[in-house]
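The structure is given below, and queries will be raised subsequently.
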Amino acid sequence: MKILVLNCGSSSLKYQLIDMENEKVLAKGLCERIGIEGSVLTHQATGSEKVKINKNLPTHKDAVELVFETLLDKNTGIIKSMDEVYAIGHRVLHGGNKFTESIVVDDNVKKAIKDCFDLGPLHNPANLMGIEACEQVAPTKKNVAVFDTTFGMAMDEKAYLYAIPHEYYEKYGIRKYGFHGTSHSFVSKETIKFGNLAKDAKVIVCHLGNGGSVSASIGGKCVDTSMGLTPLEGLIMGTRSGDIDPAVVQYICNKENKDVNEVLNILNKKSGILGMSGGISNDFRDVENAANEGNHLADVALKAFKYRVAKYIGAYVAAMNGVDAISFTAGVGENDKNSRKEICDYLGYLGVKISDERNDIRGEERLISTDDSKVKVFLIPTNEELAIARETLKLTK
Ligand code: ADP
């Protein structure tokens, strides 16, 4: 049984075809520059060379058509007929207050995704375009929407309500939603399974990529998470500021004669380690290289990033009154042993001890704490596509 997983951006479409018998990826690829001149599909069937197909792709429907053609092609393909694709799972950024679980798409679901355009203006319209493209190209297939926000729907009111007049929550649904939910859910459950922990284990997941967030969960159910109404809140990220005194926005507006939208754009796209390092890069490797060459601002940016992660871990230990395991995941979390080590160095008071030998790995599921560490620390690679495929199969079988 094969599931196609789609992650649509405004001009891109990422896909994976997964065989659910063994949960292995059969093929994956990326359409870029949809609706822009020079569109291209990069496709790779597992075990084969990457192929690039240059073809004009004015809409997401054209992109989905090309993905199916490529999957069916006798040279590049992996399936003989569309019938082999059982269902299609879609990553959808924002489900607002409406979805506490993934759901099979119908007209009501599409309307609800549309109602959340204001909450996810960059992603939700593209996600919906992907769903509608599949409905047109493969009308017999069921589509499942898997929301980045459903994990956070388990939070208690005291965690998700902002201390602003309550009418704004009632009128506009302004609350903490949290993002990377599919990853946090996958990694927290995988931590319990891999670590052979109790079913109700208290787990803190540090998803540290270009975007980053930390979550606290008990038995895989979210207690708190660092992103908010939008993915801007929380950690210092590649280009996002994370937590900041909101008065800074007003201050910059007044001093620089900018409006709120311009300053929010700066907080989203020009801040984080990119902004703090004086503009070096939003890529952690570039900033690390600059720090190693003696660049002070680069060094401070990375130190501030790790310090903020450690503060969130401390806060979440308090929120759960304890922690059984801490897991690192995503680009930085899976690849950068120094960040993992330096973050854990703040946690000596919890009895956290990292084994340098065990920590000397990348991208592998592994215990990285010592045997006498009071809290187990793991590296657990995230796999959002597999999590989406599992949800899709569960809901359509
Ligand atoms: P996103 O999905 O949010 O775009 P990823 O999870 O792919 O992000 O993570 C990308 C980030 O991971 C990049 O900023 C990159 O610098 C960082 N990264 C990857 N490998 C390493 C490494 N070896 N050391 C430090 N950072 C790394």
Side-chain angles (χ1 to χ4, degrees), residues 148 151 178-195 197 201-217 220 222 224-227 231 233-240 242 272-273 281-288 291 301-317 323-347 350 352-369 373 375-387:
D148 247 20
F151 179 70
F179 297 85
H180 295 138
T182 312
S183 175
H184 285 290
S185 169
F186 179 85
V187 175
S188 59
K189 288 180 187 133
E190 193 58 29
T191 300
I192 291 173
K193 203 166 108 195
F194 178 74
L197 308 178
K202 297 170 177 173
V203 177
I204 294 176
V205 173
C206 305
H207 176 113
L208 310 178
N210 209 349
S213 58
V214 184
S215 71
S217 60
C222 180
D224 211 334
T225 186
S226 60
M227 282 177 166
E233 191 180 341
L235 300 182
I236 295 171
M237 306 177 217
T239 61
R240 296 184 203 128
I273 58 159
S281 174
N282 66 325
D283 191 301
F284 283 78
R285 286 163 293 198
D286 298 337
V287 180
E288 211 166 285
L302 291 176
K303 282 189 173 135
F305 161 75
K306 292 162 200 161
Y307 175 69
R308 179 85 54 94
V309 177
K311 279 209 297 186
Y312 264 98
I313 294 173
Y316 287 169
V317 173
V323 61
D324 297 304
I326 299 168
S327 286
F328 288 93
T329 197
V332 180
E334 291 173 29
N335 292 300
D336 186 10
K337 62 180 178 184
N338 297 330
S339 287
R340 294 193 296 262
K341 167 87 172 116
E342 286 167 40
I343 290 164
C344 288
D345 282 347
Y346 282 102
L347 309 172
L350 287 173
V352 170
K353 279 196 214 160
I354 292 292
S355 153
D356 288 337
E357 195 192 329
R358 290 176 181 172
N359 187 36
D360 191 12
I361 40 148
R362 294 170 67 159
E364 251 178 64
E365 215 166 43
R366 176 89 74 92
L367 177 78
I368 59 170
S369 49
S373 176
V375 179
K376 290 192 160 136
V377 184
F378 297 96
L379 191 170
I380 304 281
T382 191
N383 193 339
E384 287 163 293
E385 288 79 13
L386 178 58

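Every heavy atom of this structure was used, including side-chain atoms; hydrogens, water molecules and symmetry mates were not. Throughout, residue positions are numbered sequentially from 1 according to the sequence presented.
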- Query: Ignoring hydrogens and geometry, is there a side-chain-to-backbone donor-acceptor pair from Glu288 to Leu302 under 3.5 Å?
  - Reply: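 Absent.
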- Query: Quick one: NE2 on His207 to CD on Glu384, what's the gap to the nearest 0.5 Å?
  - Reply: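 That separation rounds to 5.5 Å.
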- Any donor-acceptor pair under 3.5 Å linking the side chain of Tyr346 with the backbone of Gly314?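 Checked: no pair found.
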- Message: Restricting to non-hydrogen atoms, name the atom on Phe151 and the atom on Ser188 that form the minimum distance, rounded to 0.1 Å.
- Response: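 Where Phe151 meets Ser188 most closely, the heavy atoms are CE1-OG, 4.3 Å.
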- Where the side chain of Thr225 meets the backbone of Val214, is there a donor-acceptor pair that is under 3.5 Å apart?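 Indeed, once roles are kept as given, a pair shorter than 3.5 Å links the two residues.
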- Out of curiosity, Leu386 CG to Phe186 CZ, how far, rounded to the nearest 0.5 Å?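 It comes to 5.0 Å.
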- Item | Any donor-acceptor N/O pair, Asp324 side chain to Lys202 backbone, under 3.5 Å |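 Such a contact is found between Asp324 side chain and Lys202 backbone.
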- Item | Partners passing ring pair (Phe, Tyr, Trp, His ring centres under 6.0 Å) against Phe284 (at least two apart in sequence or in another chain) |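 Per chain and number, Phe284 pairs via ring pair (Phe, Tyr, Trp, His ring centres under 6.0 Å) with Phe305.
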- Yes or no on side chain to side chain contact (heavy atoms under 4.5 Å, CB included) for Leu379 and Glu364, after CA distance, side-chain angles and deciding distance? CA-CA 7 Å; Leu379 191 170; Glu364 251 178 64; 5.6 Å; no
- Message: For Ser281 versus Asp286, what's the shortest heavy-atom pair and its separation?
- Response: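 Closest approach of Ser281 to Asp286, heavy atoms only: OG-OD2, 2.8 Å.
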- Task: Search all heavy atoms of Met237 against all heavy atoms of Glu233 and return the closest pair with its distance.
- Result: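 Taking every non-hydrogen atom into account, CE-O, 3.5 Å.
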- Message: To check you understand the geometry: which heavy-atom pair defines the closest contact between Arg366 and Glu357, and what is its length?
- Response: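 Taking every non-hydrogen atom into account, NH1-O, 4.5 Å.
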- Where is the tightest heavy-atom contact between Ala330 and Gly209, given as atom of each residue plus distance?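 Closest approach of Ala330 to Gly209: CB-N, 3.9 Å.
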- Test log, rule side chain to side chain contact (heavy atoms under 4.5 Å, CB included), inputs Ile380 and Val205: CA-CA 9 Å; Ile380 304 281; Val205 173; over 6 Å; no
- Message: For the backbone of Gly333 and the side chain of Arg340, can you confirm whether one donor and one acceptor N or O come within less than 3.5 Å of each other?
- Response: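 Yes; at least one donor-acceptor contact below 3.5 Å.
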- Item | Thr239 side chain vs Asn282 backbone, donor-acceptor pair below 3.5 Å |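 Answer holds: no.
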- Query: Can you tell me how far CG of Leu208 sits from CG of Asn335, rounded to the nearest 0.5 angstrom?
  - Reply: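 CG of Leu208 is found 11.0 Å from CG of Asn335.
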- Message: Any heavy-atom pair between the side chains of Met227 and Arg240 that's under 4.5 Å?
- Response: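 In contact.
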- Query: Could you give the distance from OG (Ser185) to NE2 (His180), rounded to the nearest 0.5 Å?
  - Reply: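 So the gap between those two atoms works out to 14.0 Å.
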- Item | Closest contact, heavy atoms only, Ile192 versus Gly220 |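 Minimum heavy-atom contact is CD1-N, 4.0 Å.
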- Ser213 side chain to His184 side chain, donor-acceptor N/O pair below 3.5 angstrom: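 Yes, because at least one side-chain N or O of Ser213 sits under 3.5 Å from a partner of the opposite role on His184.
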- Phe328/Ser339 under side chain to side chain contact (heavy atoms under 4.5 Å, CB included): CA gap, chis, key distance, verdict: CA-CA 10 Å; Phe328 288 93; Ser339 287; over 6 Å; no
- Query: Looking at OG of Ser327 and CD of Glu334, how far apart are the two atoms once the value is rounded to the nearest 0.5 Å?
  - Reply: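 It is 11.0 Å, given to the nearest 0.5 Å.
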- Item | Heavy-atom side-chain contact between Leu235 and Tyr312 under 4.5 Å |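 They are in contact (side-chain heavy atoms under 4.5 Å apart), so the answer is yes.
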- Do the side chain of Ser369 and the main chain of Val377 share a donor and acceptor less than 3.5 angstrom apart?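 Checking the backbone N and O of Val377 against the side chain of Ser369, a donor-acceptor pair under 3.5 Å is found.
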- Task: Go through the steps for Ile326 and Leu347 under the test side chain to side chain contact (heavy atoms under 4.5 Å, CB included), then give the verdict.
- Result: CA-CA 11 Å; Ile326 299 168; Leu347 309 172; 3.8 Å; yes
- Message: Rounded to the nearest 0.5 Å, what separates atom OG in Ser183 from atom CG in Asp148?
- Response: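 That separation rounds to 9.0 Å.
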- Message: Main chain of Lys337, side chain of Asn359: is a donor-acceptor contact present, judged purely on distance under 3.5 Å?
- Response: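 It does hold such a pair.
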